[in-house]
Amino acid sequence: MGTNFPQSHHLQTTHLSLPRKQFLSYVLYALLPLALLHYLLFNPLAAPKPPLLAQPQAREAAPSQHRHAPVNALEEQLPPPPPAPGRGGEALGETQGGDVSASGSASPPCDYSDGEWVPDARPPLYDGTSCGTIKDGQNCMAHGRPDTGYLHWRWRPRRCDLPAFSPEAFLRWLRNRHLAFVGDSMARNQGESLLCLLASRSRPDLVYRDGEENRFRRWVFREHNATVSIFWSPLLVRVAEKAEHAGVRHNNVFLDSFDERWMSRLGGIDAAVLSVGHWFLIPGVYHDGGRVVGCHDCADLNRTETAFFGAFKEAVRRTLAEVARRHGADSKLVAVTTFSPAHFEGDWDKAGACPRRHPYREDEKGLGYTEKEMRRTVLEAVAAHAGAGPLRFAALDVTRLANLRPDGHPGPYMRSDPFAGGPDARVQNDCVHWCMPGPIDTFNEILLQTVAG
Ligand SMILES: *[C@@H]1O[C@H](CO)[C@@H](O)[C@H](O)[C@H]1NC(C)=O
Ligand SMILES: *[C@@H]1O[C@H](CO)[C@@H](O)[C@H](O)[C@H]1NC(C)=O
């Protein structure tokens with residue numbers, strides 16, 4: 001196909017509005033370390049060989065990806081968080097316990113996104129052996145990660161308190177309810193973290209699983225008639241996933257077609273946590289109304305790069321609008337987890353791809369352009385539905401707290417005993433997902449406050 005394809009207004013606007021420097025910055029972010037990211041996200045355990053990634057490119061990519069953002073003007077531009085709706089509390093919290101801090105209707109809700117990591121001597125609620133639902137690649141303890149300092153930090157919001165996770169309070173809320181995690185492997189990571197946290201008090205039974213790598217699963221805590229499920233939907237909307245073995249290296253993303261594998265199930269779900277982002281960074285062709293309206297990392301298709309931001313925005317915005325259209329009268333919570341940054345630095349195949357062993361201080365590490373844009377898209381899409389009715393939308397704004405945790409990823413411990421081949425052996429690193437236990441447990445501390453709010 002040699003002709004230019006039409007671009008939708010949204011995508012074109014997004015593309016054209018990018019200043020050149022920022023454009024270069026995200027192109028570097030997107031094209032270089034993403035070969036590896038892409039590999040991790042797509043099929044973390046299937047193939048033992050490392051991805052092909054040119055070394056000089058990897059070295060170039062790191063500084064641009066980790067460049068400090070000098071000024072974070074984002075906060076000022078964002079609308080204030082939606083007020084805690086009175087009706088939501090009644091609808092969702094009739095069994096709410098006293099140890100869940102409920103924000104009174106007079107006081108503004110806490111901004112958990114702004115804070116710092118402080119030392120915390122308490123042990124995690126679970127470990128690498130006490131929980132049966134840790135995906136192998138995230139079980140850092142079982143894989144022999146020797147340091148344990150990353151387990152002993154707690155997130156302290158600047159202006160309020162984030163209570164420690166209470167499995168009892170969460171299970172009380174979850175009684176007779178169904179909570180679903182929907183999204184990519186970060187959604188799975190967060191869902192498994194919650195299961196492990198809850199399993200420290202009550203045993204979940206896996207009652208359903210389906211799909212390659214168990215992409216669809218459901219557990220029941222029988223003592224509580226409480227259900228947790230995980231739905232694979234890496235772009236929220238319908239996608240024909242790439243198939244490299246068949247020569248298809250792009251995801252074909254259909255922005256006007258909902259992923260009914262989860263969308264059609266929402267009627268029986270009381271709360272859904274949507275978590276997507278990283279899959280938009282890998283090569284994609286975007287379809288809308290039967291036409292191709294854009295693509296990302298698509299030079300091989302002789303098409304103009306439009307970036308992925310517009311597609312991400314459309315997918316999130318249209319998905320929330322459709323949920324509101326179908327379920328506006330239902331008492332339901334839809335929470336959207338904001339973008340969770342990766343922390344690759346240096347050579348991908350050395351032990352030190354994410355070598356830091358301490359959190360960053362707040363002033364040490366600002367958000368990069370991609371992280372800011374992805375976060376803002378979610379916050380704006382959620383704010384657009386604030387206070388609309390019994391259906392409640394919320395953002396789980398974890399981008400900044402996650403950005404400060406380069407120490408929380410599996411790194412080489414995505415595999416067991418990674419240095420068995422000697423200290424100089426090439427190893428693959430996962431600097432995207434989170435060790436369990438680890439910083440992702442904090443996402444669920446915020447989720448507890450959100451469901452109870
Ligand atoms: C790429 O697109 C341009 C303009 O649409 C066209 O002139 C050119 O022949 C195309 N190249 C290939 C290899 O298809
Ligand atoms: C058990 O929980 C489900 C939601 O997952 C709910 O539909 C059902 O009514 C509950 N059963 C009882 C007996 O309350």
Side-chain angles (χ1 to χ4, degrees), residues 85 87-100 102 125-126 131-133 165-183 187-211 214-233 236 258-275 319-320 322-337 389-394 396 443-453:
R87 253 184 304 182
E90 281 163 38
L92 291 161
E94 80 267 359
T95 57
Q96 185 174 313
D99 53 342
V100 175
L125 286 174
Y126 63 97
C131 177
T133 47
F165 189 86
S166 162
E168 293 82 5
F170 207 110
L171 285 165
R172 229 171 7 250
W173 173 79
L174 197 54
R175 181 176 288 279
N176 297 331
R177 290 202 168 99
H178 180 175
L179 168 66
F181 289 84
V182 177
R188 177 182 61 209
N189 203 175
Q190 189 183 349
E192 293 189 344
S193 155
L194 181 72
L195 281 155
C196 289
L197 291 165
L198 298 179
S200 67
R201 292 298 180 279
S202 181
R203 189 173 61 96
D205 290 329
L206 180 64
V207 296
Y208 174 81
R209 69 171 160 204
D210 188 26
N214 298 327
R215 287 170 160 191
F216 300 86
R217 280 174 294 169
R218 189 166 69 241
W219 293 260
V220 174
F221 294 84
R222 297 198 193 279
E223 284 177 276
H224 302 270
N225 185 36
T227 303
V228 174
S229 58
I230 296 179
F231 289 82
W232 178 253
S233 182
L236 288 184
F258 299 105
D259 185 352
E260 297 297 341
R261 291 178 303 178
W262 68 273
M263 189 74 99
S264 67
R265 306 292 298 281
L266 264 187
I269 290 169
D270 301 281
V273 176
L274 314 183
S275 178
T319 296
L320 297 195
E322 181 68 4
V323 171
R325 192 184 71 76
R326 294 189 193 185
H327 297 285
D330 301 353
S331 291
K332 226 182 260 310
L333 171 70
V334 176
V336 191
T337 305
L391 175 65
R392 185 163 66 104
F393 290 92
L396 293 182
F443 296 16
N444 289 319
E445 288 182 347
I446 298 174
L447 177 62
L448 170 55
Q449 299 310 311
T450 304
V451 297

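Treat the numbers as computed from the prediction; the structure is a model and nothing was measured. Atoms considered below: every heavy atom in the structure, side chains included; atoms not considered: hydrogens, waters and symmetry mates. For ligands, and for the atoms within them, numbers begin at 1 and follow the listed sequence.
In this model, a donor atom of one side chain and an acceptor atom of the other lie less than 3.5 Å apart for E223 and S202.
Counting non-hydrogen atoms of neighbouring residues, nucleotides and ligands closer than 6.0 angstrom, the CZ atom of R201 exceeds 12 such neighbours.
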Q.
One pair to check against salt bridge (charged side-chain N to carboxylate O under 4.0 Å, His left out): E168 and R172. What are the steps and the verdict?
A. CA-CA 6 Å; E168 293 82 5; R172 229 171 7 250; over 6 Å; no

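Looking only at side-chain heavy atoms (C-beta outward), L274 and W262 come within less than 4.5 Å of each other.
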Tabulate distances under 3.5 Å between N/O atoms of ligand 2 and N/O atoms of the protein, writing both atom names on each line.
from     : atom 1 : to   : atom 2 : distance (Å)
ligand 2 : 2 (O)  : N225 : OD1    : 3.4
ligand 2 : 2 (O)  : N225 : ND2    : 2.5
ligand 2 : 11 (N) : N225 : ND2    : 2.8
ligand 2 : 14 (O) : N176 : OD1    : 3.2

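With K332 contributing its side chain and V323 its backbone, the two residues share no donor-acceptor pair below 3.5 Å.
Using the six-membered ring where Trp is involved, F231 and F216 have ring planes that are perpendicular, over 60° apart on the 30 and 60° scheme.
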